[in-house]
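Reading through the structure tokens given below for one structure.
A quick note: this is a predicted structure, and the numbers were derived from the prediction, not measured. Counting starts at 1 for both ligands and their atoms, in listed order. Below, each value reflects all heavy atoms present in this structure, side chains not excepted, and no hydrogens, waters or symmetry copies.
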Amino acid sequence: MSRALIPGSFDPITLGHLDIIKRASMLFDEVIVLAAINPNKNYMLCTNSRVSLIQDAIKGIKNVSVDSFDGLLVTYMNTHSIDVIVKGLRNFTDYAYENDMALTNIRLGSKMYGMNAETLYMPCKPEFFDTSSSLVRLMLSQGADVSQLVPNNKLLLSFLQN
Ligand code: PNS
């Protein structure tokens, strides 16, 4: 069974993320969307809210599930028998960042677990080139409408009000 991991902050999940998740779900038997917990990072949304928004966005896609994790991706991959990380790329800036991560994961996976922690890149569709969680957060901070960038605007707003 082929298992892919789509890790990220998902603070919050965007329509660009969801497109990558849907496309990956057609290529692998199982896809796990992993909301990272980094204690040193200041998220706009708590872990439960980030996970709930992902859960809501993926409902109806049978082979996709969501989880959260505080630790190294290679440790999660080793524990859950995951073959590959999938990441969407919008531009060269994404590539530079993701490639450093991909090479680090190869190095760590091999050293810690003797595994091949490979990363596959998926090109982002042009309609999502300018969609990012950071843009959503910026727009929200200015009271702008983000309903065209996220899959579940109402739910997102309800989490921000609490
Ligand atoms: O959506 P983001 O913020 O770009 O996601 C970054 C994420 C969560 C994929 C990255 O920070 C990550 O891989 N975190 C887990 C810790 C880890 O394994 N880091 C890689 C080598 S130190």
- Message: Please check: side-chain N/O of R137 versus main-chain N/O of D11, any donor-acceptor pairing under 3.5 Å?
- Response: yes
- Message: Which residue and atom name correspond to the protein heavy atom nearest atom 15 (C) of ligand 1, and how close is it?
- Response: G71 O, 3.5 Å
- Message: What I want to know is whether S9 and ligand 1 share at least one N or O pair that is separated by under 3.5 angstrom.
- Response: yes
- Item | K41 N/O under 3.5 Å from ligand 1 N/O | yes
- How close does the nearest protein non-hydrogen atom get to atom 21 (C) of ligand 1, and which residue and atom is it? T104 CG2, 3.6 Å
- Task: Have a look at ligand 1 and work out which part of M77, if any, has a heavy atom under 4.0 Å from it: side chain, backbone, both or neither.
- Result: neither
- More than 12 heavy atoms of other groups within 6.0 Å of E127 CD: yes
- Query: Do we see a donor-acceptor contact under 3.5 Å between the side chains of Y121 and N99?
  - Reply: yes
- Message: Test your reading of the model: is there a side-chain donor-acceptor pair from R50 to the backbone of A36, 3.5 Å cut-off?
- Response: yes
- Task: Would you indicate whether Y95, at its atom OH, is surrounded by more than 12 heavy atoms from other residues, nucleotides or ligands within a distance under 6.0 Å?
- Result: no
- Query: For S133, is the nearest heavy atom under 4.0 Å from an atom of ligand 1?
  - Reply: no
- Do the side chain of S133 and the main chain of P12 share a donor and acceptor less than 3.5 angstrom apart? yes
- Item | Main-chain N/O of T131 paired to R90 side chain as donor or acceptor, under 3.5 Å | yes
- Query: To which protein heavy atom is atom 13 (O) of ligand 1 closest, and what is the distance rounded to 0.1 Å?
  - Reply: L73 CD1, 3.2 Å
- Note on the structure: Output for pair (L5 CG, I82 CD1), nearest 0.5 Å, gives 4.5 Å
- Task: For atom 19 (N) of ligand 1, find the nearest protein heavy atom and state the residue, atom name and distance (0.1 Å precision).
- Result: L72 CD2, 4.3 Å
- Task: Go through ligand 1 atom by atom and flag the ones less than 4.0 Å from a non-hydrogen atom of A36.
- Result: 8 (C)
- Short version for K87: what comes under 4.0 Å of ligand 1, heavy atoms counted, is side chain
- What protein heavy atom sits nearest atom 7 (C) of ligand 1, and how far off is it? G8 CA, 4.4 Å
- Note on the structure: Looking only at protein heavy atoms, what sits closest to atom 11 (O) of ligand 1 is Y97 OH, 4.1 Å
- Of V74, N105, I85, the one whose closest heavy atom lies nearest atom 20 (C) of ligand 1 is N105
- Interatomic distance, L53 atom CG to I58 atom CD1 [nearest 0.5 angstrom]: 11.5 Å
